[in-house]
Amino acid sequence: MIPWVQLDSAKTPDGAQELRLKRRGSEFSIMLGTNELMNSRLSGSEEALAKLSCQKIASHRQPRILVGGLGMGFTLRAALAELGGDAEIVVAELVPAVVAWARGPMAEVLGGCLDDPRVTIQETDVGQLIRSPALGYDAILLDVDNGPEGIVHKSNDALYSLQGLAAARTALKRGGVLAVWSQGSDSGFTRRLKQAGFAVEEVNTRANGKRGARHVIWIATNGSRP
């Protein structure tokens, strides 16, 4: 068995915890304590987050997408594959080291997607971009922390509060989509999405095709704003 080797580490935004980048052969893992946040072999549900969202806005011209959380780039790569050359994708990543890892030791995993002219990377809080959009978004994709019940950065909870969801709806164009990845189901979050005025679909998906852990994706559509 090839042993895991730690390549780098970085503090979480609040300075209280540590993210660790590890490698075993061609496999990468990002850990928080004993919790594995992501693994380069398990990309199915992150890819589904992008595919389901892009399908909902397939008729939109010059779509503008906001992706919260770069991670290992699975959602970004899948979105690029689904969207045409007229799309614009803004990726917000709060931990600068994650961007550095994507351009450095994990560059092969990212497959050059950070160099796509449709992509802009902003090392900032996705919530800040949601609250101050220069233009409306056709889709907002959130793969931030572990979903509505965060473990990496407590302030992420604000994204999933009723106030945060209202801000996301305001930032979306009519017919736009808020898509949220989660490690598991959360009936309270589904209820908040509906209270915020979204039409909600909850999709169960797998971490790796038809196998692996079961994850949840909420597809929340904004159908009533002018």
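Along the sequence shown, the residues carry numbers beginning at 1.
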Joint cluster assignment, Leu19 & Leu7, ILVMFWY side-chain distance < 4.5 Å: yes
For Lys194 against Val200, the heavy-atom pair lying closest together: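 Reported closest heavy-atom pair: CG-CG2, 3.7 Å.
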Residues in salt bridge (charged side-chain N to carboxylate O under 4.0 Å, His left out) contact with [X], at least two apart in sequence or another chain:
X: Arg118; answer: Asp116
X: Lys56; answer: Glu201
X: Glu88; answer: Arg64

Looking only at atom types and distance, does a side-chain atom of [X] sit under 3.5 Å from a main-chain N or O of [Y], one as donor and one as acceptor?
X: Ser9; Y: Arg20; value: no
X: Ser161; Y: Gly164; value: yes
X: Thr75; Y: Glu46; value: yes

[X]: what forms a side-chain hydrogen bond (donor to acceptor under 3.5 Å, both in side chains) with it, not counting sequence neighbours?
X: Glu93; answer: none
X: Thr190; answer: Glu202, Trp218
X: Asp8; answer: Trp101
X: Thr124; answer: Gln128

Selection residues 128-138 - residue pairs positive for salt bridge (charged side-chain N to carboxylate O under 4.0 Å, His left out), sequence neighbours left out: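 Listed by first then second residue: Asp138-Lys173.
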Sequence neighbours excluded - salt bridge (charged side-chain N to carboxylate O under 4.0 Å, His left out) pairs with any residue from residues 23-35: Arg24-Glu27, Glu27-Arg41
Would you list the atom pairs, donor with acceptor, under 3.5 Å between side chains in residues 104-113 and any protein atom, with sequence neighbours excluded?
none

Do any side-chain atoms of residues 66-74 form donor-acceptor pairs under 3.5 angstrom with protein atoms, and if so which ones, sequence neighbours left out?
none

Short side-chain donor-acceptor distance under 3.5 Å, Arg169 and Asn222: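 Yes, Arg169 and Asn222 have a side-chain donor paired with an acceptor closer than 3.5 Å.
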Non-neighbouring partners of Asp86 that pass side chain to side chain contact (heavy atoms under 4.5 Å, CB included), sequence neighbours left out: Gln62, Pro63
